[in-house]
Amino acid sequence: MRKILVTGGAGYIGSHTIVELITAGYTPIIVDNLCNTSHKNIDGIESIIDAKVKWRNADCTNKYAMDKVFSEEGKIDGIIHFAAHKSVEESVKNPQKYYDNNIGSLKVVLKCMQENEVKNIIFSSSCTVYGMPDVLPVDENAPFKKAESPYGETKQICEEMLKSDNCNSVALRYFNPIGSHPTTLIGDCSADRPSNLVPIIAECAIGKREYITIFGDDYNTPDGTCIRDYIHVVDLAKSHVKAMEFLIKNRGKHAFNVGTGIGVSVLEAVKAFEKINNLKINYSIGPRRSGDIEEIYANVNLVNIKLDWEPKEILEKAMKSAWDWEKKK
């Protein structure tokens with residue numbers, strides 16, 4: 001069995017990917033200091049797979065701690081690097097936190113890979129690397145324009161680091177992950193207040209918030225609200241397994257968009273959540289938010305062809321699982 005080190009493996013996307021890796025026959029090792037997630041996800045993984053999973057409590061920016069992980073784990077076939085702060089809004093307010101952690105953690109991981117002759121890494125990137133794209137749907141050849149947030153800038157810098165490093169890499173450029181595992185045993189356990197749309201909608205539905213604010217209704221889109229590409233987190237998790245299989249067979253540097261290729265406006269997302277869950281969401285229109293781009297959705301032709309991957313879950317199913325998770329957590 002191939003051993004895969006998964007940094008941030010107890011997080012939202014990481015925990016779902018651990019389940020898919022195990023299902024595909026890999027042996028994942030979680031490396032996570034739980035700074036923005038919970039042991040609940042590790043317990044949830046073990047309930048889903050009905051087995052124990054190995055967890056190393058380590059900070060990925062700490063070279064000494066990571067040296068210990070690499071030396072004690074022995075032969076590692078690949079890394080999936082999730083460990084990063086992820087809030088666009090917070091990154092605008094506290095950019096140094098994002099530069100130190102997101103760039104610093106990859107720097108340490110790449111150094112450990114070099115010293116331990118580990119060649120393969122899947123990097124958790126983001127569609128924010130494109131900035132405000134000129135052409136939609138955006139494909140992997142689109143230039144990196146000025147990042148609209150420090151978060152996006154850290155992802156751009158990290159992708160450049162991968163290109164200059166002597167490793168085989170796949171950068172998976174996520175669009176907007178939503179939903180949860182159908183068992184509701186794992187999900188987004190972030191300690192910070194949600195800044196992404198769907199968790200905020202769910203919090204409003206359950207009464208943690210009186211209403212949600214839609215940031216801007218004067219964009220050049222059909223209903224005036226921002227357009228995004230929402231992908232079910234289980235589909236996203238499966239793309240990492242496909243990427244690892246691909247990278248083990250194909251050396252070099254690669255990047256793939258991981259989305260649905262369908263643009264959905266903020267208002268459409270709210271309506272989809274309301275319809276599938278038979279709920280009414282209170283919302284108000286506020287001013288545009290710093291760091292937001294008007295419209296982005298993916299061209300997914302390359303990932304379909306190269307990784308033999310395509311999304312299977314529909315938007316409504318993701319919205320239902322998001323609500324099921326909120327009710328349970």
Next item on the list: With side-chain contact (heavy atoms from CB on, under 4.5 Å) as the test, would you mind laying out the steps for Leu162 and Leu110 before giving the verdict?
Entry: CA-CA 8 Å; Leu162 289 173; Leu110 289 175; 4.1 Å; yes

Notebook entry, point to check: Given Asp139 and Asn301, is the side-chain contact (heavy atoms from CB on, under 4.5 Å) satisfied, shown in steps?
Noted result: CA-CA 8 Å; Asp139 68 26; Asn301 291 341; over 6 Å; no

Check: Given the rule in the salt bridge (Lys or Arg N to Asp or Glu O under 4.0 Å) test, do Glu274 and Lys271 qualify, once you have shown the distances and angles that lead to the verdict?
Finding: CA-CA 5 Å; Glu274 288 181 326; Lys271 299 302 181 189; 3.8 Å; yes

Next item on the list: Starting from the C-alpha separation in whole Å, work towards a yes-or-no answer on side-chain contact (heavy atoms from CB on, under 4.5 Å) for Asp218 and Arg288.
Entry: CA-CA 9 Å; Asp218 58 349; Arg288 295 186 182 193; 3.0 Å; yes

Check: Would Val270 and Ile201 count as a side-chain contact (heavy atoms from CB on, under 4.5 Å) if you check the C-alpha gap in whole Å, the side-chain angles of each, and the deciding distance to 0.1 Å?
Finding: CA-CA 7 Å; Val270 171; Ile201 296 173; 3.8 Å; yes

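Considering all non-hydrogen atoms of both residues, Phe246 and Val170 come closest at CD2-CG2, 4.3 Å. When all heavy atoms are compared, the tightest approach of Asn41 to Gly187 is ND2-O, 2.9 Å. Contact between Glu313 and Asp235 at its shortest, heavy atoms only, is N-OD2, 2.9 Å. Nearest heavy atoms, Glu294 versus Asn220: OE1-N, 3.1 Å. His232 and Ser321 make their closest contact through NE2-OG, 3.6 Å (heavy atoms, listed as atom of the first residue, atom of the second, distance). Here the shortest heavy-atom pairing between Asn101 and Ala84 reads ND2-CA, 3.6 Å.
Inter-residue side-chain proximity for Leu5 and Val31 is flagged as met; some heavy-atom pair is nearer than 4.5 Å. Put simply, the side chain of Ile79 does not reach to within 4.5 Å of the side chain of Phe123, judged on heavy atoms. With a 4.5 Å cut-off on side-chain heavy atoms, Ile18 and Ile186 do not count as touching. Looking at Ser265 and Thr221, their side chains never come closer than 4.5 Å, going by heavy atoms from C-beta outward. The closest side-chain heavy-atom distance from Phe273 to Ile178 is not below 4.5 Å. You'll find the side chain of Ile22 reaches within 4.5 Å of the side chain of Pro28, heavy atoms only. At least one side-chain heavy atom of Ile76 sits under 4.5 Å from a side-chain heavy atom of Phe70. Looking at heavy atoms from C-beta onward, Tyr219 lies in side-chain contact with Asp292 at the 4.5 angstrom threshold.
If you chain together hydrophobic residues whose side chains sit under 4.5 Å apart, Leu197 and Ile314 never meet in one group. Both Ile231 and Leu307 belong to a single network of hydrophobic side chains, linked directly or stepwise wherever heavy atoms of I, L, V, M, F, W or Y lie under 4.5 Å apart.
With rounding to the nearest 0.5 angstrom, the NZ atom of Lys68 is 5.5 Å from the CZ atom of Arg56. In this structure, Tyr297 OH and Ile227 CD1 are separated by 7.5 Å, a value rounded to the nearest 0.5 Å. Taken to the nearest 0.5 Å, the CG atom of Asn116 stands 7.5 Å off from the CG atom of Asp67. Atom NE2 of His81 sits about 5.0 Å away from atom CG of Leu106, to the nearest 0.5 Å. Note that NZ of Lys317 is 12.0 Å distant from NZ of Lys312, once rounded to the nearest 0.5 Å. Between atom CZ of residue Phe215 and atom OG1 of residue Thr225 there is a gap of 13.0 Å, rounded to the nearest 0.5 Å.
Side-chain N/O atoms of Glu159 and Ser125 include a donor and acceptor closer than 3.5 Å. In the model, Lys86 has no side-chain atom that pairs as donor or acceptor with a side-chain atom of Ser124 under 3.5 Å. In this structure, a donor-acceptor pair under 3.5 Å is present between the side chains of Gln114 and Asp165. There is a side-chain donor-acceptor pair under 3.5 Å between Ser195 and Ser87. Ser91 and His85 are not linked by any side-chain donor-acceptor pair at a separation below 3.5 angstrom, with hydrogens and angles left out of the test. Between the side chains of Glu90 and Tyr151, no donor-acceptor pair is found at a separation under 3.5 Å. Side-chain atoms of Asn196 and Tyr12 form no donor-acceptor pair, as typed in the model, at a separation below 3.5 Å.
Within the 3.5 Å criterion, the main-chain N or O of Gly261 finds no donor-acceptor partner in the side chain of Asn299. Thr7 places a side-chain N or O within 3.5 Å of a backbone atom of Phe82 that can act as its donor or acceptor partner. Judged purely by atom type and a 3.5 angstrom limit, Ser239 has no side-chain atom pairing as donor or acceptor with the backbone of Val258. Between the side chain of Glu20 and the backbone N or O of Val234, no donor-acceptor pair lies under 3.5 Å. Counting only distance, with no hydrogens or angles, the side chain of Asp77 and the backbone of Ile4 share no donor-acceptor pair below 3.5 Å. Checking side-chain atoms of Asn120 against main-chain N and O of Asn168 turns up no donor-acceptor pair under 3.5 Å. Under a 3.5 Å cut-off, the side chain of Glu148 and the backbone N or O of Thr128 do not form any donor-acceptor pair. The backbone N or O of Val300 sits less than 3.5 Å from a side-chain atom of Asn304, completing a donor-acceptor pair. Between the side chain of Asp32 and the main chain of Ala10, a donor-acceptor pair closer than 3.5 Å is present. In this structure, Asp229 contributes its side chain and Ala298 its backbone to a donor-acceptor pair below 3.5 Å.
Shown here is Glu72, whose CD atom has more than 12 heavy atoms of other residues, nucleotides or ligands within 6.0 Å. Applying the 6.0 Å contact sphere to NZ of Lys93 captures no more than 12 heavy atoms from other residues, nucleotides or ligands. Within 6.0 Å of the NZ atom in Lys40, the count of heavy atoms belonging to other residues, nucleotides or ligands exceeds 12. The 12-atom threshold is exceeded at NZ of Lys329, counting heavy atoms of other residues, nucleotides or ligands nearer than 6.0 Å. Applying the 6.0 Å contact sphere to NZ of Lys107 captures no more than 12 heavy atoms from other residues, nucleotides or ligands. Heavy-atom neighbours of Lys327 NZ from other residues, nucleotides or ligands within 6.0 Å: above the threshold of 12. The environment of Lys3 atom NZ is dense: over 12 non-hydrogen atoms of other residues, nucleotides or ligands sit within 6.0 angstrom.
Using a cutoff of 4.0 Å between basic side-chain nitrogens and carboxylate oxygens, Lys63 and Glu115 are scored as salt-bridged. By the 4.0 Å N-to-carboxylate-O rule, Glu160 lies close enough to Lys163 to be salt-bridged with it. A salt bridge links Glu89 and Arg289; the closest N-O separation between the charged side-chain nitrogens and carboxylate oxygens is under 4.0 Å.
With sequence neighbours excluded, the residues that form a side chain to side chain contact (heavy atoms under 4.5 Å, CB included) with Tyr99 are Pro95, Gln96, Ile103, Pro150, Glu153, Thr154.
Between His181 and His16, the two ring planes are tilted [angle within 30° to 60°].
Looking at Tyr174, Trp309, Tyr26 one by one, the single match for ring-ring contact (aromatic ring centres under 6.0 Å, His included) with His240 turns out to be Tyr174.
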